[in-house]
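There's a structure below that I have some questions on.
Here is the naming used below: chain letters follow the sequence lines, and residue numbers restart at 1 for every chain. In what follows, every heavy atom counts, from backbone to side chain, and hydrogens, waters and symmetry copies are set aside.
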There are 4 protein chains.
Amino acid sequence: MSPLNRKKLDKIRDERTNQIKKAALKIFARYGYLGTKTSLVASEAGISEGLIYKYFKSKDELFTTLIQELMEEAKSELEGLYHLEGSPFDQIRTLTKNMISEENRDAFVLIQRARKDEDVPEKIIPIFKQYSAYNLIDILVPIIVKGQELGEFSNEDPRKLASWYFFIINSICIQEVEKEEYGLPSIDVLMRILKK
Amino acid sequence: MSPLNRKKLDKIRDERTNQIKKAALKIFARYGYLGTKTSLVASEAGISEGLIYKYFKSKDELFTTLIQELMEEAKSELEGLYHLEGSPFDQIRTLTKNMISEENRDAFVLIQRARKDEDVPEKIIPIFKQYSAYNLIDILVPIIVKGQELGEFSNEDPRKLASWYFFIINSICIQEVEKEEYGLPSIDVLMRILKK
Amino acid sequence: MSPLNRKKLDKIRDERTNQIKKAALKIFARYGYLGTKTSLVASEAGISEGLIYKYFKSKDELFTTLIQELMEEAKSELEGLYHLEGSPFDQIRTLTKNMISEENRDAFVLIQRARKDEDVPEKIIPIFKQYSAYNLIDILVPIIVKGQELGEFSNEDPRKLASWYFFIINSICIQEVEKEEYGLPSIDVLMRILKK
Amino acid sequence: MSPLNRKKLDKIRDERTNQIKKAALKIFARYGYLGTKTSLVASEAGISEGLIYKYFKSKDELFTTLIQELMEEAKSELEGLYHLEGSPFDQIRTLTKNMISEENRDAFVLIQRARKDEDVPEKIIPIFKQYSAYNLIDILVPIIVKGQELGEFSNEDPRKLASWYFFIINSICIQEVEKEEYGLPSIDVLMRILKK
DNA sequence: TATGAATGAGGCTTCATTCAT
DNA sequence: TATGAATGAAGCCTCATTCAT
C-alpha cells in the first residue's frame with residue numbers, strides 16, 4: 001500500500017474513533033451507561049451500529065476508554081493548577097470556571113456518573129484508583145489552607161471544606177442545565193460556599 | 001363475599017400497595033428508571049415477581065404513581081412553609097433541613113431523576129406541569145425578598161437566587177452520599193449561597 | 001407455599017431442564033457448537049427461546065453442563081467394564097456395542113465434537129482434564145494385553161492398538177448414520193481391527 | 001488493453017483464485033462451513049477481505065466451487081484405480097494410502113463434512129448426485145468380489161463390506177489427527193477390516 | 001486489481017409482562 | 001390473592017457482503 005494511502009486510512013480511523021467517542025460522551029453523559037443504546041450512539045455519530053465494533057470491542061470498552069481518557073485530561077488540567085497566578089481565591093475561581101464551562105461539562109458529568117451510578121462496568125474501578133493521586137481534593141486542600149490564612153475562606157476543616165465544595169460543583173455539573181431558566185449558578189455565587 | 005372479608009382483603013391490598021411503593025421508591029432512586037428491574041423491586045418488597053402487576057399495570061405506571069404521590073406530599077410540605085415561624089433565614093434553613101434529611105432523600109432523588117433523566121416515561125411531564133403552581137421557587141421568592149430587605153440575603157434578582165439555590169440543593173440530594181467521606185455539606189455551608 | 005406446590009414446581013423445573021438438555025444434546029451433536037442456534041434448541045424442546053435462560057445462564061453453560069454430565073455417565077460406564085464377565089474379546093465387544101448403540105450415539109458424538117472442534121467454549125478443557133483418569137485408553141490397555149496373551153488380539157504395542165481402536169470407533173460414531181445405506185459397520189467387522 | 005497485459009492479468013486472476021481456494025480448503029476443513037469466517041480465509045490467503053468477492057460471489061459459492069472441483073479430482077483418482085497393477089488387496093491398499101495421506105486429507109475431510117454437516121449450503125446436494133456414478137463404493141465392489149474369490153477378503157455382502165470400509169476410512173479422515181498420540185491407524189491395521 | 005471501511009441481517013441474551021395454577 | 005414459569009420484544013454484538021478509493 002502506498003504511504004499516501006496508509007496516511008489517508010489512518011486519518012479516517014482517527015476521525016471515526018473521535019466521532020464515536022464524541023457521540024458516546026454526549027449520549028453516555030445524558031442517558032447513563034445502561035440507558036445508552038449503541039444504536040443511539042451510532043446515529044449520533046452518523047454511522048452504522050456495526051461500525052462501532054470495528055473501533056471498540058464492546059459498549060463496555062467504549063465506556064471505559066472514555067473514562068480513562070477523560071481522567072487523563074482531568075489530570076493535566078489539575079497539574080496546571082499549580083502554576084496558576086493569583087491568590088488562592090483566584091485559583092479556585094479559575095478551576096471552577098473550567099469545570100462548569102460548557103465544553104467540559106459532559107466530561108464532568110460522565111465521570112460523576114461513572115463514580116456514582118450502580119450499573120456501570122466494574123472495569124472503571126481500577127481507573128479511578130489509578131488517578132486517586134490526582135484527586136481534586138488533595139490538590140485543593142493546600143490552596144484552601146493558604147486562602148484561610150489570608151482570610152479569604154471560611155475556617156472549617158480545610159479538607160472537609162474542599163470536599164464539600166467539590167461535591168457541590170460536581171453535583172450541579174451532572175444536571176442538565178438546558179432545562180433551567182437561569183442556567184448554572186454564577187461562579188461568584190458558588191464561591192460563597194468557601195467564604196466566611 | 002362477606003363485608004368482613006372484603007375489609008380484610010382491602011387491608012391486604014393497601015399493605016401490598018405500600019410495600020411495593022416503598023420498595024420501588026428505594027430501587028428507582030438508586031438505579032434510575034431503566035436500571036430498575038421489576039424483579040428487584042419485587043424481591044425488595046418481599047413478594048413474587050408477578051404480583052406487582054396485580055397492583056400496578058406496568059413499571060411505567062408504578063413509576064408515575066410514585067412521582068404523582070411524592071409531588072402531592074411535596075406540595076403539602078411547601079404549603080406548610082407559609083406558616084413557619086421565624087425569620088426568612090430560619091424558614092429557608094428549615095426547608096433545607098427537610099430536603100436533605102435522610103428520610104426524604106430518596107423522594108427528592110427520585111423527583112430529581114424524574115425531572116432530569118432522559119430515559120423516563122413521558123407521562124410524568126403533565127404531572128410536573130400540574131404541580132408547577134406549587135413550584136418551590138415561586139414559594140421561595142417572597143421569602144427571599146423579605147430576607148433581602150432585612151439584609152439577610154444577597155441582593156441578586158430574587159427569582160434567580162431562589163432558582164440557583166434550589167438547583168444546588170436538588171443537585172446534591174441526587175448524589176449517593178454514602179460514598180462521600182464527609183457526607184452532605186452542612187446546612188450552614190449551604191445557606192452561605194444565599195448570603196452576601 | 002404449600003409443600004405440594006413446591007413439589008409440583010420442582011417437577012416442572014426438572015422436566016424443563018431435561019427437555020432442554022435432551023434437545024440441546026441432539027442439536028449440538030448434529031450441528032456443532034457454533035452451528036447450533038439457541039432458537040433451534042428452543043423449538044426442538046418445544047419452549048420459547050427466552051426460557052432456556054431461566055435454566056441455563058448461556059449457550060456456553062448449557063453446552064458445558066451437557067459435556068460435564070455426559071463425562072460423568074461415561075465414567076460410570078467405564079468403571080462397570082472392570083466387572084464384566086467373559087474373555088477380553090467379549091469385554092471389548094460389549095463396550096463397543098454400548099458405544100455405538102443408538103441411545104448413546106449422540107452423547108459420543110457430542111463428546112467427540114467437543115474434543116475436536118475448534119469453535120467450542122474453552123471451559124470444557126478442564127472437564128476433559130478432570131476425567132482423564134477415566135480415559136478409555138488406560139482402561140483398555142490391560143484388557144488388550146490380557147487378550148494378546150490369550151492370542152485373541154494382534155501383537156502391536158497395546159497402547160497404540162487401544163488408541164487406534166478407540167479412535168476409529170469414536171470417528172464412526174460422529175457420523176450421521178441415517179444417510180448410510182447399511183448403517184454402522186457391524187460389531188464383528190469392527191472387532192477385526194484388533195485381531196491378528 | 002494490450003494482449004500482453006491481458007495475459008498478465010489472467011495470470012494474476014489464476015494465482016489469486018488458487019490462493020483463495022487453497023486457503024479456503026484448509027480453513028473450511030478445519031472449522032466447517034459455518035465456523036469459517038471469510039476474513040480468516042482472506043488472511044490465510046494473504047489478501048484483503050474484500051478481494052475474495054472479486055473472485056467468488058459468496059462464501060457459499062466458494063464452498064460449492066471447492067466441493068465441485070474436489071469431486072472432479074476424486075473422480076480422476078478413482079478412474080485411475082482401474083489401471084492399477086497388483087492384487088485386489090494391493091489396489092485397495094494403494095487407494096487407502098492415498099486417501100489418508102497428508103496431502104489429500106483436507107480434501108477428504110472437506111468432502112466428508114460437506115456430506116454430513118447440517119449447516120452446509122444446499123447447493124452441494126446436486127453435486128454429490130452428479131458424481132454418484134463415480135461413487136467409490138461402486139468402484140470398490142468388483143475389486144472386493146475379486147478379492148473374495150481369491151480368499152483375500154471376508155465373505156460378507158461385497159457392497160456392504162465396501163460401504164463399511166469406505167465409511168470407516170472417511171470417518172477417521174475427518175478427525176484432527178494432530179491431537180492423537182499415535183496419529184492415524186496404520187494402513188495394515190485398517191486393511192484388517194476387509195480380512196477374514 | 002486491491003484495499004479495508006462501512007453496512008445490516010441475524011444470533012445470543014435480558015427482562016417487562018402474561019398466564020396457568 | 002399469590003406464585004413463578006413462560007413469552008417475546010428489544011438490546012448488544014458478529015460477520016458476510018458491499019462500496020468508495
Q. Between C:Q112 and C:F108, is there a donor-acceptor pair closer than 3.5 Å when you use the side chain of the first and the backbone of the second?
A.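 No; zero donor-acceptor contacts below 3.5 Å.
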Q.
Looking at C:E69 and C:K21, is any side-chain nitrogen of the basic one under 4.0 Å from a carboxylate oxygen of the acidic one?
A.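 Salt bridge between C:K21 and C:E69, a charged N being under 4.0 Å from a carboxylate O: yes.
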Q) For atom CD of D:E122, is the number of surrounding heavy atoms from other residues, nucleotides or ligands below 6.0 Å larger than 12? A)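 At most 12 heavy atoms, drawn from other residues, nucleotides or ligands, come within 6.0 Å of this atom.
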**Q.** Among B:K26, B:R30, B:Q19, side chain to side chain donor-acceptor pair (under 3.5 Å) partner for B:E44
**A.**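 Testing each of B:K26, B:R30, B:Q19 against B:E44, the sole residue satisfying side chain to side chain donor-acceptor pair (under 3.5 Å) is B:K26.
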Q) Is it true that a side-chain atom of C:Y33 and a backbone atom of C:D60 form a donor plus acceptor pair closer than 3.5 Å? A)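 Answer holds: yes.
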**Q.** 5′-ward residue of the pair C:S48/D:K37 relative to DNA chain F
**A.**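 The residue whose closest nucleotide sits nearer the 5' end is C:S48.
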Q: Return no unless some side-chain N or O of C:Y55 is found under 4.0 Å from OP1 or OP2 of F:dA6.
A: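 Checking C:Y55 against F:dA6: at least one side-chain N or O falls below 4.0 Å of OP1 or OP2.
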Q.
For DNA chain E, which residues of residues 10-25 of chain A approach it to below 4.0 angstrom with any heavy atom?
A.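 The answer is A:I12, A:R13, A:R16.
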Q: Would you please name every residue forming a salt bridge (charged side-chain N to carboxylate O under 4.0 Å, His left out) with A:K54, sequence neighbours left out?
A: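 Per chain and number, A:K54 pairs via salt bridge (charged side-chain N to carboxylate O under 4.0 Å, His left out) with no residue.
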Q: Please confirm whether the backbone N or O of D:T64 pairs with a side-chain atom of D:Q68, one donor and one acceptor, at under 3.5 Å?
A: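 Not at all, since once roles are kept as given, no pair shorter than 3.5 Å links the two residues.
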Q) When you match B:K54 and A:E49 each to their closest nucleotide on DNA chain F, which lands nearer the 5' end? A)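 Nearer the 5' end of the strand: B:K54.
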Q) Can you list the steps and then say if C:S39 with C:E49 is a side-chain hydrogen bond (donor to acceptor under 3.5 Å, both in side chains)? A) CA-CA 5 Å; C:S39 59; C:E49 211 176 339; 4.7 Å; no
**Q.** Watson-Crick and G-U pairing of DNA chain E written in dot-bracket, each distance under 3.5 angstrom, with | for inter-strand partners
**A.** .||||||||||||||||||||
Q) Below 4.0 angstrom from OP1 or OP2 of E:dG11, is there any side-chain N or O of C:T38? A)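 Indeed not, no polar side-chain atom of C:T38 lies that close.
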Q | Any C:Y53 side-chain nitrogen or oxygen under 4.0 Å from OP1 or OP2 of E:dT14 | A |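 So the side chain of C:Y53 is outside the cut-off, no N or O lying under 4.0 Å from OP1 or OP2 of E:dT14.
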